[in-house]
Amino acid sequence: MANSQYYIDLYKKNKWEAICLDIEVTEFGGPISLIGMYIPKPGLIESECFIKGKNLTFNEMKPLINKAKLIVTFNGLSFDIPKINKEFPGLIPKDKKIIDLHIIAKSLNMPHSLKTLENTFGIERLTPESEKKGVAIKLWNQYKKGDIEALSKLKEYNRQDTINLYFLAEKLIKHADSISR
């Protein structure tokens with residue numbers, strides 16, 4: 001893995017001051033419907049969900065982004081970060097450190113599908129609908145038609161994504177560290 005020690009050290013040094021970030025969109029290629037952020041802390045599950053039409057605003061999200069020394073994503077450098085930068089210019093500073101787990105997995109010649117990596121490392125999902133492609137868009141559309149329960153499911157779906165990013169980072173960094181020795 002190119003620069004593997006850099007990413008290993010970056011993660012180990014900053015993991016307790018990181019956020020695991022994932023976005024959902026209203027439709028394929030559409031605007032952001034919500035942004036989830038999980039803040040790893042020993043023994044705690046602390047996450048925030050910013051929802052379109054409620055609290056998905058620059059000013060609501062900026063304090064968490066500013067506080068984080070590191071952003072952990074999956075395919076975020078190709079999708080999440082550019083989408084956020086387009087819809088919320090300046091929210092993520094250009095010098096913010098970002099680890100994209102998709103790129104790390106690819107560089108380690110591992111499967112680079114999120115679901116496959118979760119299965120490979122035994123990282124479980126709590127709800128079966130999390131496995132279905134397009135579930136977040138379907139849930140958003142149900143919510144927009146008045147189904148409040150759909151929003152709860154969407155928030156939980158995203159919450160699992162962000163929390164699992166932390167567990168995946170732990171496994172990938174440990175694997176990369178063992179290879180680099």
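Being a predicted model, the structure only gives us computed values, none of them experimental.
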Please give me the minimum heavy-atom distance between [X] and [Y], naming the atom from each residue.
{"X": "Ala18", "Y": "Pro40", "answer": "O-CD, 3.2 Å"}
{"X": "Ala105", "Y": "Pro111", "answer": "CB-O, 3.7 Å"}
{"X": "Ile179", "Y": "Leu108", "answer": "CD1-CD2, 4.0 Å"}
{"X": "Lys83", "Y": "Gly29", "answer": "NZ-O, 3.4 Å"}
{"X": "Pro89", "Y": "Phe58", "answer": "O-CE1, 3.4 Å"}

For this session: Decide yes or no on side chain to side chain contact (heavy atoms under 4.5 Å, CB included) for Ile39 and Lys67, but give the supporting numbers first.
Result: CA-CA 10 Å; Ile39 302 100; Lys67 187 176 175 186; over 6 Å; no

For this session: Identify, with sequence neighbours excluded, every residue that meets side-chain hydrogen bond (donor to acceptor under 3.5 Å, both in side chains) alongside Lys97.
Result: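 Expected list: none.
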
Supply the atom-to-atom distance [X] [atom1] to [Y] [atom2], rounded to the nearest 0.5 angstrom.
{"X": "Asp100", "Y": "Thr73", "atom1": "CG", "atom2": "OG1", "result": "4.0 Å"}
{"X": "Phe88", "Y": "Asn59", "atom1": "CZ", "atom2": "CG", "result": "10.5 Å"}
{"X": "Ser107", "Y": "Ile103", "atom1": "OG", "atom2": "CD1", "result": "8.5 Å"}
{"X": "Asn75", "Y": "Ile81", "atom1": "CG", "atom2": "CD1", "result": "11.0 Å"}
{"X": "Phe167", "Y": "Leu172", "atom1": "CZ", "atom2": "CG", "result": "14.0 Å"}
{"X": "Leu56", "Y": "Ile32", "atom1": "CG", "atom2": "CD1", "result": "6.5 Å"}

For this session: Applying side-chain hydrogen bond (donor to acceptor under 3.5 Å, both in side chains), run through Gln160 and Asn164 and close with a yes or a no.
Result: CA-CA 6 Å; Gln160 286 181 50; Asn164 281 2; 5.4 Å; no

For this session: Give the ring-plane orientation class for His102 versus Phe74, where under 30° counts as parallel, over 60° as perpendicular and anything between as tilted.
Result: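 Perpendicular: the ring planes of His102 and Phe74 meet at over 60°.
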
I want to check something: taking the side chain as every heavy atom from C-beta on, are [X] and [Y] in contact at a cut-off of under 4.5 Å?
{"X": "Leu34", "Y": "Phe50", "answer": "no"}
{"X": "Tyr38", "Y": "Val72", "answer": "no"}
{"X": "Lys13", "Y": "Asp9", "answer": "no"}
{"X": "Glu170", "Y": "Lys15", "answer": "yes"}
{"X": "Phe121", "Y": "Lys174", "answer": "no"}
{"X": "Trp140", "Y": "Ile51", "answer": "yes"}
{"X": "Ile23", "Y": "Glu87", "answer": "no"}
{"X": "Thr162", "Y": "Met37", "answer": "no"}

Exercise. Testing Ile173, Ile8, Leu168 for side chain to side chain contact (heavy atoms under 4.5 Å, CB included) with Ile104, which one passes?
Worked result: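 That would be Ile173; it is the only one of Ile173, Ile8, Leu168 passing the side chain to side chain contact (heavy atoms under 4.5 Å, CB included) with Ile104.
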
Exercise. Is the shortest distance from a Lys or Arg side-chain nitrogen in Lys153 or Glu156 to a carboxylate oxygen in the other one below 4.0 Å?
Worked result: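 Salt bridge: no.
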
Check for a donor-acceptor pair, side chain of [X] on one end and backbone N or O of [Y] on the other, with a separation under 3.5 Å.
{"X": "Lys62", "Y": "Gly90", "value": "yes"}
{"X": "Lys171", "Y": "Ile123", "value": "no"}
{"X": "Asn55", "Y": "Cys49", "value": "yes"}
{"X": "Asn14", "Y": "Leu70", "value": "no"}

For this session: Output every pair passing salt bridge (Lys or Arg N to Asp or Glu O under 4.0 Å) with a member in residues 135-150, not counting sequence neighbours, ordered by first then second residue.
Result: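 Those involving residues 135-150 do not exist here.
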
Problem set entry | Over 12 foreign heavy atoms within 6.0 Å of NZ, Lys96 |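 Yes - once you tally the heavy atoms of other residues, nucleotides and ligands closer than 6.0 Å, there are more than 12.
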
For this session: Start with the C-alpha distance between Arg125 and Lys115, add both sets of side-chain angles, then the distance that settles side chain to side chain contact (heavy atoms under 4.5 Å, CB included), and finish with yes or no.
Result: CA-CA 9 Å; Arg125 292 246 160 197; Lys115 304 302 184 243; 3.4 Å; yes

Exercise. Which pairs pass side chain to side chain donor-acceptor pair (under 3.5 Å) with one or both residues in residues 21-35, sequence neighbours excluded?
Worked result: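 Non-adjacent pairs meeting side chain to side chain donor-acceptor pair (under 3.5 Å): Asp22-Asn158, Glu24-Asn158.
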
